[in-house]
Amino acid sequence: MRTSLAWLNLTHEKTRLLVAIAGVAFAVILVFMNLGFLGSLSDTAAIAYGNIDAEIYLISPQALEITTTKAFPIERLYQASGIDGVKRVMPFYVGYLQWRNVETRQSRAMFVYGINPNDPVFLLPDLQKPDVQAALRRVDTVLIDRLSRPEFGPQATGTTTEADGRKAIVGGQYTLGGGFAADGSLLMSDQNFRRYFDPFPLNQINLGLIKLNDGVDPLSVVEAMRRTLPPDVLVMTSEQLTARDRDYWINATSTGFIFGMGVAVSCIVGVVIVYQILYTDISEHLKQYATLKAMGYRSSFLFNTVLQEAIILAVLGYIPGFIISVMLYELTVRATGGGLPVAMNLGRALFVLVLTILMCVLSGLASVQKVTKADPADVF
Amino acid sequence: MVGLAVVLQPLTPHPVFPCVLPMRTPLAWFNLTYERRRLLTAIAGVSFAVLLMFMFKGFENALYDSQVQLLKVLNGDIIVVNRLKYTMFIPEQFARRRLYQAQAFEGVEAAYPLYTRDGAYWKNPETKAVRPLRVLAFNPNDPVLNIPEVLAKQEGLKLPWTAIVDEKSRAEVGPRSAGIVTEMAEQQIHVIGTYSMGTDFASANGNVIMSDQNFLRYFSDLGPEETERDLNTVDVGLLKLAPGADANAIAVALRQRLPNDISILTKPEFVAMELNYWRKNTSIGFIFTLLTTMSFVVGIILVYQILYTDVSEHWVEYATLKAIGYSNRYLLTVVMQQSLILAMLGFVPGYLIALVLYDATTNATGLLMNMTLGRALEILIATVSMCLISGAIAVRKVQAADPAEVFGN
């Protein structure tokens, strides 16, 4: 139509429009925050696996996610290394140590990664530095994650403290981050792992990492391995394992239920806010709408106008909502000292956009009932 | 809006609000209720904002309440733990001889050791999948836990390879009634009964109770990659005091005389220490405070929307009232009253839906979601403040209403 009725209706009263946008924006923020927290809580695994240079993983079927694994014999890894396409296999050890904060003298559970220093396990730039590599090989020396919670204490190189009662010296730092379960982590050599977790034998590993030759299809190698290896070990690609971990976090720890409900109720609030606006608009302009109908415009035209208003509101509210959410994510990371790594990603941004539009369209549909009942005869 | 004629009626006390409102017509009430549809939408809006606040605050409280469920049923007036164990899931033990030492003190009637193990893999008898459960073990003759079902099964627990399972464990643990035979820590286990407690963030899947002798059977002879346990190291020591004894005084005495490798706390102090860890040293507090605050802001916007629309629509009438001689303060009270009424009307359905939600969550997750009077009042106060703030913002527009404009054109 020649005059964009939807747009003009909305923008006619500036204050009302601003309040409406604020309402939608805050509903959007609530949804983003819930999804963000859910994401960060379940992202420990994704962060670790994302920084590891391996395509295929071996884990015990009894392992639930990266912090609750069960050790299995290293022989499985040797068996896997014989499969075609495998470039290199690397053992991986994980566990928790009570890390003592030298300043407060309180201990806190620190998640530990143990690797053979000669294996290129982690894709972290800090690990390429020669002094860090040298530190990794020293006795009782560990690397600490910069994003560990402040309660773990000072992270400066040379800090000497205790881990599970054994002396520990910080030899360097790296930047990884972990979710809720691993809000602080250490990286150490397998020899040191053996020392701290004595009598944990190094021929029992928590994860087996497998790097493939360039161009080899991981799925076919996974198939080959599943045929060859006995069922006491699971073979998975990086994506499959990440999904398995995330699934466990979301379902097994009730965080999925909690934040899922948060999203659902926030959406309902959004629907109510938009409905209020559209309903008020329609009530006010009932005479005008009825007149349009008397002129010959069909109900579907009015229907479309309301829907357009709904969508415009959705988009106008989404933009500030998105911007403020990104700022709040940043605030969260700062306030928890890196303990909660909340980050925006494209998938979530799009999902919430679609959700917002749906939310507004729903309100539109609910409020449009009144418009279609607008009877020209009543007006005159 | 009710016509001006009503305003000019003689002084007769209103039948419904004789004393509550100082003016002759409850303008705020009429304004709100004039359009049914709009009122319902407004109430819905406020209820949902209230529901949001109840929900997020409720989850936060549930996470905290669940953590101390076990602590509350411990039958001890004074608790002894390793000094490093400032929260339950830290696997630090202390020497059992400390309990013998504590028993010698005056006022201490008995000392009960409680052994715990996190991450004991329980096999679901149907799906054969494993889940880590927390094991609580003690001498069945010691009244360690204040749970009737546990006391009832005292004799049964003395049999080898037996245990009782928390019926509120998560569904993935599988069927858990008496008679189930399955595996735990890769050894066979017989379930001889159930009790009711609930899960928490640390033992997210559930709890299993067994005797201390069985604890040895399962956990004293493991492979080198696991930490083995024996009965000489205790996780939580419970001291039962003589009736009427002063727990604080005895705790002080114990602290002075016993070595520094243990922490001695009265039961309330122990519970407070656990709660303090979850409040201060995890991100839970931050997350839910942020979400509750956002809900509060959403509520303010919602109510403001309603009040603003009302004020805009009745602009002319308000201006006319001012022209007649009503002061700005009068209009202020009308708007404030409207927001207060909205707060009350919206709180009730929000509260009721929250009750239903709490129930559903408890059933789905095993977390303890409780509505208490204190919590309800907290949210009520928040709701009222929310509406008052919106009212305060909306009222500025009213005060700008200029009578001259109305009659000018």
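Just so it is clear: chains get the letters A, B, ... in the order the sequence lines come, proteins before strands, and each one is counted from 1. Hydrogens, waters and symmetry mates play no part in the numbers below; they use all other heavy atoms, side chains included.
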How far does CD of B/Q67 sit from CE of B/M88, to the nearest 0.5 angstrom?
10.0 Å
Can you tell me which portion of B/V130 sits under 4.5 Å from chain A's heavy atoms? Options are side chain, backbone, both or neither.
both
Testing the basics here: between A/S363 and A/L278, what is the closest heavy-atom pair and its distance to 0.1 Å?
C-CD1, 4.1 Å
As an exercise: rank A/M261, A/K70, A/Q106 by heavy-atom pairs under 4.5 Å with chain B and give me the winner.
A/M261
Looking only at heavy atoms, what is the nearest atom pair of B/L342 and B/I43, with distance?
CD2-N, 4.4 Å
Parallel, tilted or perpendicular: ring planes of B/F54 versus B/Y358, cut at 30 and 60 degrees
perpendicular
Under a 4.5 Å cutoff for heavy-atom pairs, which residue among B/P132, B/A44, B/G119, B/A129 has the most contacts with chain A?
B/P132
Using every non-hydrogen atom in the two residues, find where B/L51 and A/V265 come nearest and quote the distance to one decimal.
CD2-CG1, 4.0 Å
B/Y351 OH: over 12 foreign heavy atoms closer than 6.0 Å
no
Report which part of A/Y93 has an atom under 4.5 Å of a heavy atom belonging to chain B: side chain, backbone, both, or neither.
neither
Quick one: of B/R170, B/M294, B/K85, who has the most non-hydrogen atom pairs under 4.5 Å with chain A?
B/R170
Is it the backbone or the side chain of A/I258 that comes under 4.5 Å from a heavy atom of chain B, or both, or neither?
both
Drop me the distance from A/I21's CD1 to A/I273's CD1, to the nearest 0.5 angstrom.
12.5 Å
Closest-packed option against chain A by number of heavy-atom pairs under 4.5 Å, given B/F48, B/Y121, B/Y277, B/F59
B/F59
Identify which part of B/K280 has an atom lying under 4.5 Å from any heavy atom of chain A, answering side chain, backbone, both or neither.
backbone
Heavy-atom pairs under 4.5 Å with chain B, option from A/R108, A/M33, A/R105 with the top count:
A/R108
Has B/D166 got a side-chain atom pairing as donor or acceptor with B/G198's backbone, closer than 3.5 angstrom?
yes
Out of A/E151, A/Q204, A/Q276, return the one with the most heavy atom pairs under 4.5 angstrom to chain B.
A/Q276
Just checking, B/R229 and B/F219: is the charged tip under 6.0 Å from the six-membered ring centre and within 45° of the axis?
no
Partner chain B: residue of A/G262, A/A25, A/A27 with the largest heavy-atom pair count (under 4.5 Å):
A/G262
What residue, out of B/E186, B/E226, B/K123, has the most heavy-atom pairs lying under 4.5 Å from chain A?
B/E186
I need the residue from B/I284, B/L84, B/T41 with the largest number of non-hydrogen atom pairs under 4.5 Å to chain A.
B/T41
Which bit of B/I300 is near chain A, if near means a heavy-atom gap under 4.5 Å: side chain, backbone, both or neither?
neither
Which atoms of B/E60 come close to chain A, meaning under 4.5 Å heavy atom to heavy atom: side chain ones, backbone ones, both, or neither?
neither
Who wins among B/V297, B/L291, B/V298, B/I306 for the most heavy-atom pairs under 4.5 Å with chain A?
B/L291
Nearest heavy-atom contact between A/R194 and A/F200 is CD-O, 3.1 Å
